[in-house]
Protein chains: 2
Amino acid sequence: MFEAIDRYTETCISLTQEERSVFHSLLVHKSVPKKTVLLRAGDACDFEAFVVKGCARVFFINEAGKEVDLYFPVENWWISDLPSFTSGKPASLNIETIEACELIVISREAKAKLFAEVPKFERMFRLMLQRANEELMNRFISTVAMSAEERYKLFLKKYPELPNRVPQQLIAAYLGISAEFLSKIRSGKHKKED
Amino acid sequence: MFEAIDRYTETCISLTQEERSVFHSLLVHKSVPKKTVLLRAGDACDFEAFVVKGCARVFFINEAGKEVDLYFPVENWWISDLPSFTSGKPASLNIETIEACELIVISREAKAKLFAEVPKFERMFRLMLQRANEELMNRFISTVAMSAEERYKLFLKKYPELPNRVPQQLIAAYLGISAEFLSKIRSGKHKKED
DNA sequence: ATCATTTCTTGAACCAGTTCAATTTTTATG
DNA sequence: CATAAAAATTGAACTGGTTCAAGAAATGAT
């Protein structure tokens, strides 16, 4: 049940058998069907979850109603609205499953208890944040410094399997372009003919 | 000498007198003039620094030579290229002072020693990353979901003192627009007249 | 299988922001 | 304070991407 998350923790810290038991005792396994809303912006986010199986979307909706996808969590990614989870304030992000998902969920209280009982986990969550930060910075930089076509090619290279799991309109919302323009990029019709 | 950084640590963790001494013993105080290059992309980043006084820029240069400013660290911010600092790999970011700066610097070895001797600091650096992450996410979202004019107004609201410290062309590079267009936004000449 | 719904494609008109080049304003330096 | 250098402004032409509207293709429910 916890094999996948155990493999994940091993990439960050090493645990004794007892420490691992404490960890497991604080986790909850959860299966949800596709198109399930896990978090709605405005609600408080009361979980941090590890994706064992499946695919989801983490997205933002601006005042004009435009949706922007931040990332598509798949196997071995974590999902949460961390500022909200940490502070209890309303979330600014939405999270929804794209496929049926198998998740391992940790609550705010459980996470606090984990840090108190096995301080080593501070390190794991620090390293997780460090990875997330690097990822987000790369994403930011490519968004401002590359053309839509270059971003699309980079997306295909980095996540070759995602086009099979994520509808095209959501990929457009991830790239920060309209669904129509992505369609034109794919067919090559966005270039000036000469 | 370490008052500012001590005030900062207090917002994250509480330390005994001995712990604070260990911390101080691992820090180096450094003053640098303005326009000093602290890090050049391609070099390994061997420091993480706390800004006691002054203002700098952290920026990226893309293949076409276009510069994009990520943020303008001022008093009480941290600066580093963390992926490079952590792994020793070449940095992708550039860091340069805009004003003369007073910095408190910690080296890779010192940071490792700090974590080993006072594990509590894992928490502080985790919380720092959490803040940085929230900031970066907000920045990303506003970049893709708002117009250049809205982004500029938000920048003025969030950092009202920065226009006095940072040249306008760098603010344009922060907003992801050309210096010319920022000038037009400021004078209102970017709108269709009617 | 069939029909309804959703997703994807295509084209034409449009607009936010860029580029280039010239001018003005501000800042730094002897 | 003079003058050179750097930063900011302005206008005109242009381009990458949007919007809207209509049609084609794919998907799902019965």
Side-chain angles (χ1 to χ4, degrees), chain A residues 33-36 55 57 59 61-69 72 96-100 142-156 162-194, chain B residues 33-36 55 57 59 61-69 72 96-100 142-156 162-194:
Chain A
K34 68 174 163 180
K35 296 200 176 174
T36 304
C55 177
R57 58 187 295 234
F59 63 106
I61 307 180
N62 78 351
E63 310 78 49
K66 182 181 168 187
E67 297 187 356
V68 180
D69 282 87
F72 301 114
E96 218 174 287
T97 59
I98 292 176
E99 303 171 351
S142 36
T143 298
V144 295
M146 291 167 66
S147 71
E149 181 172 17
E150 288 172 323
R151 275 179 273 149
Y152 177 57
K153 285 184 179 156
L154 180 63
F155 176 81
L156 291 181
L162 281 189
N164 306 318
R165 303 177 73 173
V166 177
Q168 204 169 296
Q169 40 171 332
L170 300 186
I171 295 178
Y174 174 95
L175 297 173
I177 60 177
S178 66
E180 292 93 334
F181 194 61
L182 176 54
S183 175
K184 283 164 193 170
I185 289 173
R186 284 162 43 84
S187 64
K189 294 201 175 69
H190 64 302
K191 286 176 182 160
K192 283 276 142 67
E193 73 280 357
D194 45 3
Chain B
K34 68 174 164 179
K35 295 198 176 177
T36 305
C55 177
R57 59 186 295 235
F59 63 107
I61 307 179
N62 78 353
E63 309 79 49
K66 181 181 170 187
E67 297 188 356
V68 179
D69 281 86
F72 301 114
E96 219 173 285
T97 59
I98 292 176
E99 303 171 351
S142 37
T143 299
V144 295
M146 291 167 65
S147 72
E149 182 172 17
E150 289 172 322
R151 273 178 275 150
Y152 177 57
K153 285 184 178 157
L154 180 63
F155 177 81
L156 292 181
L162 280 189
N164 306 318
R165 305 177 73 174
V166 177
Q168 202 168 298
Q169 40 173 331
L170 299 187
I171 296 179
Y174 174 94
L175 296 172
I177 60 178
S178 66
E180 292 94 334
F181 194 62
L182 176 55
S183 173
K184 284 165 193 171
I185 287 173
R186 283 163 44 84
S187 64
K189 293 201 174 69
H190 63 302
K191 287 176 181 160
K192 283 277 141 69
E193 72 282 356
D194 46 359

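Proteins come first, then strands; the chains are lettered A, B, ... in the order of their sequence lines, and each starts at number 1. Side chains are part of it too, since the values below use all heavy atoms of this structure and drop only hydrogens, waters and symmetry mates. Since the model is a prediction, treat every value here as computed from it, not as a measurement.
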When you check the phosphate oxygens OP1 and OP2 of C/dC8, does a side-chain N or O of A/R186 lie under 4.0 Å from one of them?
no
Listed nucleotide nearest any side-chain atom of A/S183, set C/dT10, D/dA8, D/dT18:
C/dT10
How close or far is atom P of D/dT9 from atom CZ of B/F181, stated in whole angstroms?
14 Å
Counting N and O atoms only, with roles assigned by atom type, does the side chain of B/T97 sit under 3.5 Å from a partner on the main chain of B/T36, one being a donor and the other an acceptor?
yes
Given C/dT7, is OP1 or OP2 found less than 4.0 Å from the side-chain N or O atoms of A/Q169?
yes
Check this for me, if you would: do B/K184 and B/E180 make a salt bridge, where the nitrogen-to-carboxylate-oxygen distance has to be below 4.0 angstrom?
no
Write down the distance between CE (A/M146) and C1' (D/dG16), rounded to a whole number of angstrom.
15 Å
Figure out the CD/P separation between B/E149 and C/dG17, and round it to whole Å.
9 Å
Quick one: closest heavy-atom pair of A/P163 and A/L156, and the distance?
CG-CD2, 3.6 Å
Nearest to the B/E180 side chain among D/dT19, C/dA21, C/dG17, which nucleotide is it?
C/dA21
Rounded to whole Å, please give me the gap between CG in B/L182 and C1' in C/dT18.
14 Å
Both B/K184 and B/A179 contact DNA chain D. Taking the nearest nucleotide for each, which residue is further toward the 5' end?
B/A179
What is the distance from CD1 of A/I185 to C1' of C/dT10, rounded to the nearest Å?
15 Å
What integer distance in Å separates B/I177:CD1 from D/dT9:P?
12 Å
Using heavy atoms to find the nearest nucleotide of DNA chain C for B/S147 and A/L170 separately, return the residue whose nucleotide is more 5′.
A/L170
Closer than 4.0 Å, any side-chain N/O of A/Q168 to the OP1 or OP2 of D/dA26?
no
C/dT19 phosphate, OP1 or OP2, under 4.0 Å from B/S178 side-chain N/O:
no
My understanding is that only one of B/K34, B/K35, B/R165 makes a side chain to side chain donor-acceptor pair (under 3.5 Å) with B/E99; could you say which?
B/R165
Nearest-Å distance for atom pair NZ/P, residues A/K35 and D/dT27:
13 Å
In whole Å, I'd like the distance from the OH atom of A/Y152 to the P atom of D/dG17.
15 Å
How are the rings of B/H190 and B/F181 set relative to one another: parallel (under 30°), tilted (30 to 60°) or perpendicular (over 60°)?
perpendicular
